[in-house]
Amino acid sequence: MQDSPLQSEFDLIRRHFAGMTPPRPDVSLGIGDDAALVTPPSGQQLAISVDTLVSGVHFQPSVSPQALGHKALAVNLSDLAAMGAEPAWATLALTLPEPDEAWLVGFAEGFASLARRYGVALVGGDTTRGALSLTVQVHGFVPDGQSLRRSGARVGDGIYVTGCLGDAALCLKQLQTATPPTAIPDSLRQRLDRPEPRIEAGLALRQRASSAIDISDGLLADLGHILEASDVGACLFLERLPLSAAFSEWFAASGDWSPALSGGDDYELCFTLPPAQEREMTGLAAELELGIHRIGTIEAAPGLRVLQPDGRAWLGTGRGFDHFAGGSTDAG
């Protein structure tokens, strides 16, 4: 990074992060002291999630700071969406090689723009020198007894996903091959660099869905967490996977399902729904202006069975991203 007129860590915080997000009445004391003071509302549980993004592991060093600021917050808000929680507060721990003024302006702009959309107040954090990494912790509210969890799926429930699958993984795949970046459709770059947390969908699924999870490590891996937590199995139908036009065009030439099944970085919601709730999904999708598709069924037999359009079992080996499993390497 370039030299900067910033003089100290406190100068950096004051100029770029203090006051960059909207005030909230439940924040008594935010940035500027040893700890924040916040007041959770009565009758609500506090949902808390934290994620770290590391350069070269979760994002490419060339990604724009605006996109990185957006993504750092978005991937955490996606966890709140999967719990049916309303976002409230965030903290940010930022490790920088150098305090580059232009980079900080762009990063703060991307972070703050998304924070304003969901009324999230940045209430504290930390800055330090080192290899570029970002850790964001988010806090949200969910009424007592209404949180979405991984453990509620029941035999006969439908398996649903929001949006489309595989675009971010396909973008990353093309960036890591000989495909020039200029040849990658903008729609794919947006899905990789600026994922949209499905907050509204998560809130709407309270008291409707029997279980939920956000798809960050790939559909197979994350649906597998629901199956394990709920002690059930499932059957998944590949022909029902919602795919974008860009992905469908690529798939027509490759016949490769793996980016949509195990590529990760979708940040869509995967949820299960009791049969009595299924009629509401068409209206809910229209209300949210968001695709919601049934892709499978929860079954009693353990394990996940994936069927191709011709009815044969899909025998692919993709399992999703895992930092310590020696599998795929993610730079998205």
Practice prompt. Report the C-alpha separation of Asp167 and Cys171 in whole Å, then their side-chain angles, then the decisive distance to 0.1 Å, and conclude whether the side chain to side chain contact (heavy atoms under 4.5 Å, CB included) test is met.
Written response: CA-CA 6 Å; Asp167 285 350; Cys171 180; over 6 Å; no
Discussion item. Go through it in stages, so that I can follow the logic: the residues are Glu268 and Arg191, the test is salt bridge (Lys or Arg N to Asp or Glu O under 4.0 Å), and I'd like the CA-CA distance, side-chain angles, deciding distance and then a yes or no.
Written reply: CA-CA 10 Å; Glu268 297 292 349; Arg191 291 297 308 277; 3.2 Å; yes
Worksheet entry | Verdict with reasoning, Phe59 to Leu134, per side chain to side chain contact (heavy atoms under 4.5 Å, CB included) | CA-CA 11 Å; Phe59 60 90; Leu134 316 101; 3.6 Å; yes
Item to complete: Quick one: do Val38 and Val27 satisfy side chain to side chain contact (heavy atoms under 4.5 Å, CB included)? Show the steps, please.
Response: CA-CA 4 Å; Val38 294; Val27 179; 4.1 Å; yes
Worksheet item: Which is it for Trp257 and Leu219 under the side chain to side chain contact (heavy atoms under 4.5 Å, CB included) test, yes or no, and what are the steps along the way?
Response: CA-CA 11 Å; Trp257 293 102; Leu219 173 64; over 6 Å; no
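Within 6.0 Å of CD in Glu228 there are 12 or fewer heavy atoms belonging to other residues, nucleotides or ligands. In this structure, Asp33 places its CG atom where more than 12 heavy-atom neighbours from other residues, nucleotides or ligands lie under 6.0 Å away. No more than 12 heavy atoms of other residues, nucleotides or ligands sit less than 6.0 Å from atom CG of Asp231. Around the CD atom of Glu239, the shell of radius 6.0 Å holds more than 12 heavy atoms that belong to other residues, nucleotides or ligands. By the 6.0 Å contact criterion, CZ on Arg149 is open, its count of non-hydrogen atoms from other residues, nucleotides or ligands being 12 or less.
In this structure, CG in Leu304 is found 6.0 Å from CG in Leu220, a value given to the nearest 0.5 Å. In this structure, CG in Leu192 is found 14.0 Å from NZ in Lys173, a value given to the nearest 0.5 Å. Distance check, rounded to the nearest 0.5 Å: CG of Leu104 to CD of Glu101 gives 6.5 Å. Remark: Thr272 OG1 to Leu205 CG distance equals 10.0 Å, nearest 0.5 Å. Taking CD of Glu200 as the reference point, atom CG of Leu288 lies at 7.0 Å (rounded to 0.5 Å). Of the inter-residue distances, the one linking Met281 atom CE with Thr162 atom OG1 reads 11.5 Å to the nearest 0.5 angstrom.
The closest side-chain heavy-atom distance from Arg117 to Glu196 is below 4.5 Å. In this structure, Leu77 and Tyr267 have side chains that are not in contact, with every pair of non-hydrogen atoms separated by 4.5 Å or more. Between Leu96 and Thr127 the shortest side-chain heavy-atom distance does not fall below 4.5 Å. Side-chain contact check for Ile298 versus Arg154: every heavy-atom pair is 4.5 Å or farther apart. You'll find the side chain of Leu236 stays beyond 4.5 Å of the side chain of Trp314, heavy atoms only. Between Asp214 and Asp222 there is no side-chain heavy-atom pair separated by less than 4.5 Å. Contact annotation: the side chain of Ile226 approaches that of Ser211 to within less than 4.5 Å [non-hydrogen atoms, C-beta and beyond]. You'll find the side chain of Ile159 stays beyond 4.5 Å of the side chain of Phe237, heavy atoms only.
Checking side-chain atoms of Ser210 against main-chain N and O of Pro274 turns up no donor-acceptor pair under 3.5 Å. With hydrogens and angles disregarded, a donor-acceptor distance shorter than 3.5 Å links the side chain of Thr177 to the backbone of Gln174.
The shortest heavy-atom contact between Trp89 and Val120 is C-CG1, 3.9 Å. Residues Asn76 and Val136 come closest through the heavy atom pair OD1-O, 2.8 Å. Residues Leu46 and His139 approach most closely at CD1-CB, 4.0 Å, considering heavy atoms. The two residues Ala246 and Leu188 make their nearest non-hydrogen contact at CB-CD2, 3.9 Å. Considering all non-hydrogen atoms of both residues, Ser230 and Arg150 come closest at OG-O, 2.8 Å. In this structure, Ala88 and Arg24 approach most closely via the heavy-atom pair O-CD, 3.2 Å.
With Val161 as reference, Ile215 is the one residue of Leu241, Ile215, Leu223, Asp266 to meet the side-chain contact (heavy atoms from CB on, under 4.5 Å) rule. Each of Pro40, Pro41, Ser42 was evaluated against Gln44; a single residue qualifies, Pro41, per the side-chain contact (heavy atoms from CB on, under 4.5 Å) test.
Put simply, Val75 and Leu94 are part of the same group of oily side chains (I, L, V, M, F, W, Y) that touch within less than 4.5 Å, one to the next. Using a 4.5 Å cut-off between side-chain heavy atoms of Ile, Leu, Val, Met, Phe, Trp and Tyr, with links allowed through other members, Val138 and Ile31 fall into the same hydrophobic cluster. If you chain together hydrophobic residues whose side chains sit under 4.5 Å apart, Phe141 and Leu80 never meet in one group. Note on Leu203 and Ile48: separate hydrophobic clusters, where clusters join Ile, Leu, Val, Met, Phe, Trp and Tyr whose side-chain heavy atoms are under 4.5 Å apart, directly or indirectly. Leu238 and Leu227 fall within a single hydrophobic cluster, where Ile, Leu, Val, Met, Phe, Trp and Tyr side chains are chained together by heavy-atom contacts under 4.5 Å.
Taking the six-membered ring for Trp and thresholds of 30 and 60 degrees, Phe111 and Phe107 have ring planes inclined between 30 and 60 degrees apart.
The salt bridge (charged side-chain N to carboxylate O under 4.0 Å, His left out) test applied to Arg294 returns Glu278, not counting sequence neighbours.
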